[in-house]
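Input: a single structure, listed below in structure tokens.
Basis for what follows: all heavy atoms, side chains included, without hydrogens, waters or symmetry-related copies. All values derive from a computational prediction rather than experimental measurement. One-based numbering, in listed order, for ligands and for the atoms of each.
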Amino acid sequence: MGAIKVLIDCDTGIDDIIALSYAVKTPDLEVLGVTTVCGNLPTEITTYNTLNALHLMGRDDIPLARGAEKPLERELQDAAYIHGNNGLGGYEFAEKTTKTPVELPAWEFLYQVLREQPEPIDIIALAPLTNIALLLQKHPDALKLIRRVVFMGGSLRTGNPTPVATFNVLADPEAAKYVIATKIPFVMCSLDCTRGSYFTFEDLEATKQYDNPVSEMVRAVTRFYINSTKNENTVDSKKKGIDIHDLCTVMYVTHPEFFQGEQYFADVETKGELTTGFTLVDFEDNLRKPPEDKTVLFLKKVDREAYVRCFMDTLALY
Ligand code: RIB
Ligand code: CA
């Protein structure tokens, strides 16, 4: 099978840039474009980081479109406390790109690329779903042009940063609710799953065998992340390493065999005083929804060893 064609939406951030370093290098993916959105940091910063990340990875050829400056209905609550004020834990690009985003806003760019494809393709969503919701609100026919939305976020009954909400949903719960309610085929690479996507400190040390600027970036951005996620909650502080949530999500597209998941009905809480951003995943079928409403493939587990080995093998290609 040839390389899988994808579009990637991100809020580059620490795990986003590591995910991009895999996505744009693996021979298993053809990245047709990247879009940016507010999330971890404001869109100005996530766009700057993503443009320069593509430059660092030798992929100035991949077009980038800048997206939403704020969530659909709320003010942005960013995650600088996790990713640092520059979104990359203070890591600075040695060489700055002169490349700029395309003219079109992200949702129009996504629509343009989708219409150019002979068949539906995947959108890998590594950030709040604001751009994807805007795409589907403005162009409902895009539903037929998208094979799947493969999303980092959601959880059964855990959360980061709240006890029940994951960041990419909490930052724009209305967008997540809207996208899932369209019944588009949706892969939810949940926090339950990505908590198995950790790099151990030995894994990070092992990246030194690949003497290239991307491998150096991975070690530099994770230095900050090791400390910031330790304070995030007790689960992470007991961890044997650091979760690379977005990398795990991308790797589902290239290696679904590494993952375990089930098809469920899901919805998103947007009004709860304590539960806003909670992804209601009906894993006990309490609601007895018909099969056609069970549009969410909820990923529960990843084979960590296989996932790390695959990343390392790709890092070696730089
Ligand atoms: O909860 C982790 C997710 O939120 C990741 O996508 C991270 O980059 C942040 O956007
Ligand atoms: Ca992200």
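- Note on ring orientation: taking the six-membered ring where Trp is involved, the planes of F259 and Y252 are perpendicular (angle over 60°, cut-offs 30° and 60°).
- Proximity to D16 (heavy-atom distance under 4.0 Å) selects the following atoms of ligand 1: 8 (O).
- Annotation: F201 is not in aromatic contact with F199 [ring centroid separation under 6.0 Å not met].
- Every atom of ligand 1 with a heavy atom of N40 under 4.0 Å away is listed here by number and element: 7 (C), 8 (O), 9 (C), 10 (O).
- Cation-pi geometry between R195 and Y198 is not met: the NZ or CZ atom fails to fall both under 6.0 Å from the ring centre and inside 45° of the normal.
- For the 3.5 Å distance criterion, the side chains of T35 and D9 qualify, holding a donor opposite an acceptor.
- No hydrogens or angles considered: a donor-acceptor pair under 3.5 Å links the side chains of D141 and Y111.
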Where do D172 and R74 land on the salt bridge (Lys or Arg N to Asp or Glu O under 4.0 Å) test, with the steps shown first? CA-CA 7 Å; D172 197 342; R74 299 166 186 258; 5.7 Å; no

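- The atom of D11 that is an N, O or S and sits closest to the Ca ion (ligand 2) is OD1.
- Distances between N or O atoms of A127 and those of ligand 1 include no value under 3.5 Å.
- Protein heavy atom at the shortest distance from atom 1 (O) of ligand 1 is N160 ND2, 3.1 Å.
- Side-chain contact annotation: Y318 with S21, donor-acceptor N/O pair under 3.5 Å absent.
- Close approach to L126 involves these atoms of ligand 1, each under 4.0 Å from a residue heavy atom: 6 (O), 10 (O).
- A heavy-atom distance below 4.5 Å is not found between the side chains of H255 and V302.
- Here is the list of ligand 1 atoms found below 4.0 Å of a heavy atom in H245: 2 (C).
- No part of I82 comes within 4.0 Å of ligand 1, judged by heavy-atom distances.
- Alongside L76, the hydrophobic cluster contains no other residue (criterion: ILVMFWY side chains under 4.5 Å).
- Heavy atoms of D11 found under 4.0 angstrom from ligand 1 belong exclusively to the side chain.
- In terms of protein heavy-atom proximity, atom 5 (C) of ligand 1 is closest to D15 OD2, 3.1 Å.
- Contacts of I14 with ligand 1, taken as heavy-atom pairs under 4.0 Å, are absent altogether.
- When heavy-atom distances to ligand 1 are checked against a 4.0 Å cut-off, T166 has no atom that comes that close, whether in backbone or side chain.
- I121 and K5 make their closest contact through CB-O, 3.6 Å (heavy atoms, listed as atom of the first residue, atom of the second, distance).
- When hydrogens are left out, the protein atom nearest atom 6 (O) of ligand 1 is D246 OD1, 2.6 Å; that is the closest non-hydrogen contact.
- When O of L126 and OD2 of D16 are joined through the Ca ion (ligand 2), the resulting angle is 90° to the nearest 10°.
- With respect to the Ca ion (ligand 2), D246 has OD2 as its nearest N, O or S atom.
- Residue N168 has at least one heavy-atom neighbour below 4.0 Å for each of these atoms of ligand 1: 3 (C), 4 (O), 5 (C), 6 (O), 9 (C), 10 (O).
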